[in-house]
Amino acid sequence: MTRELGLAGCLALAFGLGAYYATGRFGAFSALNVGLGLLALATSIARGAVSLYTESSRAAHSLVWRGLAGVGVAGALAVVLFQGARWLDWRADWTFEQRYQVSEATQRAVEELCGPVELLHFHEPGDPRNRRTALLLDAIARFGDVHWRGLSLAEAPAEADHYGIGRSNSVVVRLRGEPGTSDHFERVTRPTEGGLYEALYRLCGAEAATLLSFGGHGEGDLARGDAPGFAGLAAALATEGYTLRRRSSLALSEVPAEVDAVLVLAPERALPDRTVVALERHLDRGGSLIAFLEPGVRSGLEPLLERFGLASPDAELRDPEGVVDAPAEIAARHYETHPITDGLDASRFTFFVGARSFALRRTEPDARVGALVYASPRSRLVDPAAPDSEVEAAGSYRPIAVRGRYPRGAGEARIFAVGDADFASNRHLRSVYNLDLVLNGVHWALGREPAITLRPKLRDRVQFPLPATDALQSFYGLGLLVPELLLLTGLWLALRRRAG
């Protein structure tokens, strides 16, 4: 029984610690396995000690010495392997979703830095988050001119006060300038890869481009910070290097020449005719338009979009493959191959709440129009005012997001349009991969394809719908429980048979 307890304890410890390092969370599964494993090992050692004391034969002593020698050899081998891996700079990331493999977006941000950067990790000794943050900073520092160092809050109070650090496990991203120059820095109080990525872009700034948004006809508010607002979108656009301007749609008769793209966020009332004409002239001289629409609302953009082959009938999409008991909430898993949707698939989906669809046709010989995101073929169109009255039955993939390119002289006009605005609101922007779709659509509309990428996720809170990776992480312990039980049963049967 002693051997069985010892092996079971080792196995439980391995699964408990393995789950912790894989998920980065010491959850119930890890805690239960570590606790039971330590208890089993302690019981096994105690039973072995009692047995050795009562059976002080030469054979028992020989068995103990052989066991101790085996433990010593295993420990020495582990030390040699560890030191060899450090010397060869060899790393293996076995965590869930490769959290210490720096994403392409972060690599690009580091490689395009505006100067040498230092990452300062302020921490308190014993903080369990220290190791995880240190591994992440070390991974980032392998690209570009980046160095990092850890600073104890107790030993570096002046630095912590200078940078306004009030909590352990905070990171300062700072430019290392010449002595006497101003100290440019960004604070990251929750140092995920996503937070560090955004800090790097804010620190150096990307190539500037100007976006014009409207106000006056119930458009989405980029300064509003609550759930229905769009302050999160404004912050994300600023992080990506865009300058935002706002004008009243009531007084707009011409889009300024310095504006690169116009962003229209779901007007609740139809835009004035002269504003729509100004947008048309903006496109005809090679400008760009990013338009978010809502079902049941005539924004005034519909005739303009139809002229460019992106007609959007006033009907709401209902998809039974969406959220249970909420067919107006669509978890879109069907994508056209395009730079905007690069990397999105059934496991990296986008989430829409009340969307309208598009009907595409080429209205100019050299125009290129196409869909980006589809609802499922089971989706149907209903009248927003009477959801039970069907406008068009199920039977085809219906586009939710579309794009168009139109040659104009030496350049071209571009349109990125989505049949929903709620998916870009503060409530849903960072759910699943909505942020990626929005920003990549903006980058494409501005001709900035090199900036298109899947961004590292910010995991500061659980959101709905639960991202696929978080959902898998939540059940990680349950998934490990099955093989653990099988191994324990197999070991117990093997040892019982050998003993019999």
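- Note that the CD atom of Glu124 and the CG atom of Asn130 stand 9.0 Å from one another [nearest 0.5 Å].
- Looking at every heavy atom in both residues, Phe308 comes nearest to Thr363 through C-OG1, 3.6 Å.
- Looking at Arg281 and Asp284, no side-chain N of the basic residue comes within less than 4.0 Å of a carboxylate O on the acidic one, giving no salt bridge.
- Remark: side-chain polar atoms of Arg187 are paired, donor with acceptor, to backbone N or O of Tyr163 under 3.5 angstrom.
- With hydrogens and angles ignored, the 3.5 Å screen pairs a side-chain donor or acceptor of Thr192 with a backbone N or O of Gly195.
- With hydrogens and angles disregarded, no donor-acceptor distance shorter than 3.5 Å links the side chain of Tyr433 to the backbone of Leu344.
- Residues Val255 and Arg285 are in side-chain contact: their nearest non-hydrogen atoms beyond the backbone lie under 4.5 Å apart.
- Across Arg414 and Trp444, no two heavy atoms sit closer than the pair NH1-O, 2.6 Å.
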Show the numbers, then the answer: is there a side-chain contact (heavy atoms from CB on, under 4.5 Å) between Glu118 and Trp148?
CA-CA 5 Å; Glu118 186 173 35; Trp148 80 274; over 6 Å; no
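- Salt-bridge formation is not detected for the pair Glu159/Arg149: no Lys NZ or Arg NE/NH1/NH2 atom is positioned less than 4.0 Å from an Asp or Glu carboxylate oxygen.
- Atom CZ of Arg430 is separated from atom CG of Asp436 by 9.5 Å, given to the nearest 0.5 angstrom.
- Side-chain contact between Leu250 and His217: present, with at least one pair of heavy atoms (C-beta onward) separated by less than 4.5 Å.
- Counting heavy atoms from C-beta on, the side chains of Val173 and Val188 come closer than 4.5 Å.
- Residues Leu212 and Pro256 have side chains in contact (heavy-atom distance under 4.5 Å, counting atoms from C-beta outward).
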When you look at Asp127 and Thr133, which way does the side-chain contact (heavy atoms from CB on, under 4.5 Å) test go after all the steps?
CA-CA 11 Å; Asp127 189 330; Thr133 301; over 6 Å; no
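- A distance of 9.0 Å separates CG of Asp420 from CZ of Phe351, quoted to the nearest 0.5 Å.
- When each of Arg318, Arg380, Arg398 is checked for a salt bridge (charged side-chain N to carboxylate O under 4.0 Å, His left out) with Glu392, only Arg398 meets the rule.
- Screening residues 358-372 for salt bridge (charged side-chain N to carboxylate O under 4.0 Å, His left out) gives Glu364-Arg408 as the qualifying pairs, with residues at least two apart or on separate chains.
- Under the 30°/60° scheme for interplanar angles, the aromatic rings of Phe292 and Phe423 are found to stand perpendicular.
- For the pair Arg307 and Glu280, the salt-bridge criterion is met [side-chain N within less than 4.0 Å of a carboxylate O].
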side-chain contact (heavy atoms from CB on, under 4.5 Å) between Leu153 and Ser168, intermediate numbers included
CA-CA 7 Å; Leu153 286 171; Ser168 176; 4.2 Å; yes
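- To the nearest 0.5 Å, atom CD of residue Glu294 and atom CG of residue Asp422 are 4.5 Å apart.
- With rounding to the nearest 0.5 angstrom, the NE2 atom of His282 is 13.5 Å from the OG1 atom of Thr275.
- Residues Asp319 and Ala375 approach most closely at OD2-CB, 3.7 Å, considering heavy atoms.
- The shortest distance between side-chain heavy atoms of Val117 and Asp145 does not fall below 4.5 Å.
- In the model, Tyr335 has a side-chain atom that pairs as donor or acceptor with a side-chain atom of Thr350 under 3.5 Å.
- In this structure, Ser396 contributes its side chain and Pro377 its backbone to no donor-acceptor pair below 3.5 Å.
- Only one option out of Ile415, Leu360, Leu372 pairs with Val402 in a side chain to side chain contact (heavy atoms under 4.5 Å, CB included); it is Leu360.
- Between the side chain of Asn434 and the backbone N or O of His428 there is at least one donor-acceptor pair closer than 3.5 Å.
- Side-chain contact between Phe230 and Leu429 is absent, with no heavy atoms from C-beta onward closer than 4.5 Å.
- Nearest heavy atom pair, residue Phe122 against residue Ala156, reads CE2-O, 4.4 Å.
- Here the side chain of Asp161 pairs no donor or acceptor atom with the backbone of Pro157 at under 3.5 angstrom.
- Using a 4.0 Å cut-off between a side-chain N of Lys or Arg and a carboxylate O of Asp or Glu, Glu198 and Arg190 do not qualify as a salt bridge.
- With rounding to the nearest 0.5 Å, the separation of OG in Ser379 from CD1 in Ile400 is 7.5 Å.
- At least one donor-acceptor pair closer than 3.5 Å links the side chain of Arg356 to the backbone N or O of Val297.
- Look at Arg245 and Glu258 and you find a salt bridge, because one of the NZ, NE, NH1 or NH2 atoms lies within 4.0 Å of a carboxylate O, short of that distance.
- Between Leu305 and Leu289, some side-chain heavy-atom pair lies under the 4.5 Å cut-off.
- The backbone N or O of Leu293 lies less than 3.5 Å from no partner atom in the side chain of Ser299, so there is not a single donor-acceptor pair.
- The number of heavy-atom neighbours closer than 6.0 Å to CG of Asp273, taken from other residues, nucleotides and ligands shown, is 12 or below.
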Candidate pair Leu137 and Leu196, rule side-chain contact (heavy atoms from CB on, under 4.5 Å), full reasoning
CA-CA 9 Å; Leu137 296 179; Leu196 293 169; 3.8 Å; yes
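- Formation of a donor-acceptor pair under 3.5 Å by the Glu302 side chain with backbone atoms of Gly300 is found in this model.
- Between Arg246 and Phe214, the shortest heavy-atom contact is NH1-O, 3.1 Å.
- By the 4.5 Å heavy-atom criterion applied to side chains, Val110 and Leu113 are counted as neighbours.
- Ser249 and Glu219 share a donor-acceptor pair across their side chains, judged by distance under 3.5 Å alone.
- The backbone N or O of Ile452 lies less than 3.5 Å from no partner atom in the side chain of Asn440, so there is not a single donor-acceptor pair.
- Across every non-hydrogen atom of Ser357 and Pro313, the tightest pair is O-CD, 3.8 Å.
- Here Tyr242 and His443 bring their ring centres to under 6.0 angstrom of each other.
- Using cut-offs of 30° and 60° on the angle between ring planes, the pair Phe185 and His162 is tilted.
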